Amino acid sequence: DAKTTQPPSMDCAEGRAANLPCNHSTISGNEYVYWYRQIHSQGPQYIIHGLKNNETNEMASLIITEDRKSSTLILPHATLRDTAVYYCIVRVIWVNDMRFGAGTRLTVKP
Amino acid sequence: NAGVTQTPKFQVLKTGQSMTLQCAQDMNHNSMYWYRQDPGMGLRLIYYSASEGTTDKGEVPNGYNVSRLNKREFSLRLESAAPSQTSVYFCASSDPSGGADTQYFGPGTRLTVL
C-alpha cells in the first residue's frame, strides 16, 4: 500500500501557482518525500525530493511541514503543459521500494 | 543520449502466448526496474535489478521472469500470457550512488492479452 494520501483531482488556472498537497502521517525518519508526474500516458518524470528542509529546483518547490507528516508541491506558474498526474511517494533513499499511489490529476485551465 | 528505450511500443497477444519486453539504458546506471500500470492506477514494481547479474522480486512478480543481460539491458518475459497481464509496462533505471536516486522511465509498452 502507498504510504501517502493525495486528493484525486485539482484544477488550476494557467499562470497561477498550483499547490498540490500530500499527507504522509506515518513517514519514518529515514524516508524521503519524492514527487513524480506522468503526462498523459508517458513514463513518469522526476520533479523533486526532500527529507525535512524545503527544496526548490527549476521545476518546482517542495514544502515539508516541521513534523514531516505532510508536504506541498508548488508549481509557481502553471502552464497547460503541467496538466498531468502527480505522485507523492515516500521512500528510503537507495532502497528499491518506490510505491506509487493513484496520485492527483492536475488540470491546468486557460 | 536516448535515455531509456523500450521495445515494442505496442503488442497484442493471445492467452498462452509468450513474449519478451526489451529495455535498454545508455546512462550507465547500475539499477533497473520493471513496473506495470493498470488503467487509472499508479505503477507497481514487478522486478528490479540493483546491479548487473542480480535480480529481485518487487510487489507483483507472479507470471513474469527477468534477465539482466548486461549493464545496459534488462528484459521482462511473459512465459504464458494471461488477460490479467494486459497493462502498460514501464522500464526505469537509476544510479543510487548519484545522491537523488532519481528513476528515469522509458516510454512504455502497451500490452493487450486477448
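Computed from a predicted structure; not experimentally measured. Throughout, a chain's letter reflects where its sequence line sits, starting with A, and its residues are numbered from 1.
In this structure, A/Gln38 and B/Phe90 have side chains that are in contact, with non-hydrogen atoms separated by less than 4.5 Å. You'll find the side chain of A/Ser41 stays beyond 4.5 Å of the side chain of B/Val88, heavy atoms only. The shortest distance between side-chain heavy atoms of B/Met41 and A/Phe100 does not fall below 4.5 Å.
One hydrophobic cluster, built from ILVMFWY side chains closer than 4.5 Å, cannot hold both B/Leu76 and B/Tyr48; they sit in different ones. With hydrophobic clusters built from ILVMFWY side chains whose heavy atoms lie under 4.5 angstrom apart, A/Ile39 does not share a cluster with A/Trp35. There is a path of hydrophobic side-chain contacts, each under 4.5 Å, that joins B/Tyr64 to B/Phe74. Under the 4.5 Å side-chain contact rule for hydrophobic residues, B/Tyr89 and B/Phe10 do not share a cluster.
In this structure, chain A has a heavy atom under 4.5 Å from the side chain of B/Arg110, while its backbone stays farther away. Heavy atoms closer than 4.5 Å to chain A are found nowhere in B/Tyr104, neither backbone nor side chain.
With a 6.0 Å radius and a threshold of 12 heavy atoms from other residues, nucleotides or ligands, B/Arg44 has its CZ atom above the threshold. Other residues, nucleotides and ligands contribute more than 12 heavy atoms inside 6.0 Å of the CZ atom of B/Arg77.
One distance of note links NE2 of A/His49 with OG1 of B/Thr102; it measures 6.5 Å at 0.5 Å rounding.
In terms of heavy-atom proximity, B/Gln103 sits nearest to A/Tyr36 at N-OH, 2.9 Å. Listed here is the closest heavy atom pair of A/Tyr87 and B/Gln37: OH-NE2, 3.2 Å.
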